[in-house]
Amino acid sequence: NGKIYLLWKTDDNAAGLAYTRLWINEVSIPVAGQELLILVGEPTMILDSRGIWWVDSWVANGSLIEGPQLLKHGAYYYLFFASGKYCQPSYSQGVARSTSIFGTYTKLGVPLLSTGIVGVGTTGAKLVGPGHASFVQDQEGQWFSVFHASEGENCNRRPYVEKLRWSDDDWPVVVFDDTTTTPTKNPTLEPTAEPTPEPTPGPTHDPTKRPSKHPTPEPTLEPTPDPTHHPTKSPTKRPRENPTVEPTPDPQDVVMAPAGNTCPTGYTKIATPAGC
């Protein structure tokens with residue numbers, strides 16, 4: 001916004017508090033005169049270390065954040081901070097964001113950098129205590145995270161750099177594999193392939209059924225669809241109804257019918273011989 005701000009941490013653990021705080025103050029840098037820095041207005045506390053589950057401190061049951069850096073990206077101000085005990089496996093990097101430079105800031109629920117996330121150094125030893133990072137952007141617009149860590153638990157800290165990308169929900173993500181695609185809310189290792197449709201069995205063959213003595217006829221291109229055939233489904237074998245056949249009397253079973261009388265059920269009146 002064209003203004004200059006100063007950020008710092010107060011060592012509240014040393015003052016007996018179990019948490020520490022980050023502050024911001026607008027400043028002015030005169031181009032003339034003896035004063036190098038002039039505070040504009042009053043300091044504003046913008047973040048404390050309470051509620052960050054992975055953070056510890058040098059005091060019992062305490063938490064510690066330090067090394068703030070603030071940058072604007074898109075609609076948010078991002079407040080990055082180091083946390084935990086330096087040179088120890090608990091040392092890490094976190095981030096919070098707000099749409100206003102003075103807050104309120106919402107903390108990301110997981111560390112941006114931690115001993116469990118980073119890999120090994122040039123010697124092959126495990127990197128320990130990554131944090132106190134800076135975030136820079138090159139001329140092509142690519143973001144990077146520059147942080148220090150020790151190769152082993154020896155406090156021999158060295159600088160490392162990794163790419164920084166932005167998730168679909170606008171949180172920063174440090175990328176350790178150069179081939180990794182832009183992270184999303186639900187990242188996947190490989191894009192999900194479109195399912196290949198199963199071939200529809202022919203109307204005269206269904207691999208799940210035994211052959212029928214009365215195969216279903218081939219589908220036709222007549223405008224009126226066959227009600228027994230659906231183009232998107234495997235043909236369904238419908239049971240064939242047995243035709244009703246009237247019983248035919250055996251000639252040897254002809255019976256004589258009294259004149260003027262009707263034939264019994266199942267018989268037909270005949271002329272010769274007279275009877276049924």
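Positions are given from 1, in the same order as the sequence printed here. For the numbers below, each heavy atom of this structure counts, side chains included, while hydrogens, waters and symmetry mates do not. Keep in mind that this is a model prediction, so the values were computed, not measured.
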Undergrad: Is a side-chain N or O of Q93 found less than 3.5 angstrom from the main chain of F81, in a donor-acceptor match?
TA: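 Pair found, side chain donor or acceptor close to backbone of F81.
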
Undergrad: Could you tell me whether the side chain of D56 reaches within less than 4.5 Å of the side chain of L64, counting heavy atoms only?
TA: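 Of all side-chain heavy-atom pairs linking D56 with L64, none is under 4.5 Å.
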
Undergrad: Do any pairs count as a disulfide bond (SG atoms under 2.5 Å apart) and have a residue in residues 96-132, sequence neighbours left out, and if so which ones?
TA: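 As it turns out, there is no disulfide bond (SG atoms under 2.5 Å apart) pair with a partner in residues 96-132 once direct neighbours are skipped.
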
Undergrad: Check whether more than 12 heavy atoms from other residues, nucleotides or ligands sit under 6.0 Å from atom CG of N61, and answer yes or no.
TA: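 Not buried by this count: 12 neighbours or fewer within 6.0 Å.
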
Undergrad: Can you check whether Y91 reaches H148 side chain to side chain, under 4.5 Å on heavy atoms?
TA: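 Answer yes - side chains close enough.
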
Undergrad: Is any side-chain heavy atom of Y160 less than 4.5 Å from a side-chain heavy atom of V146?
TA: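 Y160 does not reach V146 side chain to side chain.
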
Undergrad: Can you list every pair that meets salt bridge (charged side-chain N to carboxylate O under 4.0 Å, His left out) and has a residue in residues 109-125, with sequence neighbours left out?
TA: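 Listed once each, the pairs would be none.
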
Undergrad: Tell me the salt bridge (charged side-chain N to carboxylate O under 4.0 Å, His left out) pairs involving residues 60-81, sequence neighbours left out?
TA: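 As it turns out, the salt bridge (charged side-chain N to carboxylate O under 4.0 Å, His left out) pairs with a partner in residues 60-81, which skip direct neighbours, are K9-E66.
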
Undergrad: Please name all residues satisfying ring pair (Phe, Tyr, Trp, His ring centres under 6.0 Å) with W58, sequence neighbours left out, ordered by chain then number.
TA: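 So W58 forms a ring pair (Phe, Tyr, Trp, His ring centres under 6.0 Å) with Y86.
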
Undergrad: Could you name each residue pair satisfying salt bridge (charged side-chain N to carboxylate O under 4.0 Å, His left out) that touches residues 13-23, not counting sequence neighbours?
TA: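 Listed by first then second residue: D12-R21.
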
Undergrad: Name all residues meeting the ring pair (Phe, Tyr, Trp, His ring centres under 6.0 Å) criterion together with F135; count only those two or more places apart in sequence or in a different chain, and write none if there are none.
TA: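 Once residues adjacent in sequence are excluded, the partners of F135 under the ring pair (Phe, Tyr, Trp, His ring centres under 6.0 Å) criterion are F80.
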
Undergrad: Do the ring planes of H73 and W166 sit parallel (below 30°), tilted (30 to 60°) or perpendicular (above 60°)?
TA: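 Geometry flag for W166 against H73: parallel rings.
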
Undergrad: Please confirm whether the backbone N or O of W171 pairs with a side-chain atom of S167, one donor and one acceptor, at under 3.5 Å?
TA: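 Checked: pair present.
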
Undergrad: Please write out which residues are connected to Y19 in a hydrophobic cluster, directly or through intermediates, given that two of Ile, Leu, Val, Met, Phe, Trp, Tyr count as joined at side-chain heavy-atom separations below 4.5 angstrom.
TA: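 Besides Y19, the hydrophobic cluster comprises L17, listed by chain and residue number.
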
Undergrad: Determine, step by step, whether D48 and L22 satisfy the side chain to side chain contact (heavy atoms under 4.5 Å, CB included) criterion, reporting the C-alpha distance in whole Å, the side-chain angles of both residues, the deciding distance to 0.1 Å, and the verdict.
TA: CA-CA 6 Å; D48 65 48; L22 302 180; over 6 Å; no

Undergrad: List for me each residue that meets side chain to side chain donor-acceptor pair (under 3.5 Å) alongside E162, sequence neighbours excluded, and say none if there are none.
TA: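 None.
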
Undergrad: Not counting sequence neighbours, list each pair that qualifies as a disulfide bond (SG atoms under 2.5 Å apart) and has a residue in residues 84-163.
TA: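 Listed once each, the pairs are C87-C155.
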
Undergrad: Below 4.5 Å, heavy atoms only, C-beta onward: do I52 and S63 meet side chain to side chain?
TA: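 Answer no - side chains too far apart.
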
Undergrad: Closest approach of P43 and W23, non-hydrogen atoms and distance?
TA: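 That closest heavy-atom pairing would be CB-CE3, 4.0 Å.
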
Undergrad: Write out all pairs satisfying salt bridge (charged side-chain N to carboxylate O under 4.0 Å, His left out) with one or both partners inside residues 93-105, taking only residues at least two apart or from two chains.
TA: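 Every candidate salt bridge (charged side-chain N to carboxylate O under 4.0 Å, His left out) pair involving residues 93-105 fails, so no pair, neighbours aside, qualifies.
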
Undergrad: Keeping to residues at least two apart or across chains, list the side chain to side chain donor-acceptor pair (under 3.5 Å) pairs with something in residues 107-124.
TA: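 Residue pairs passing side chain to side chain donor-acceptor pair (under 3.5 Å), neighbours aside: T122-E151, T123-E151.
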
Undergrad: Suppose the criterion is side chain to side chain donor-acceptor pair (under 3.5 Å): which pairs have a residue in residues 136-147, not counting sequence neighbours?
TA: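 Passing the test, one end in residues 136-147: no pairs.
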
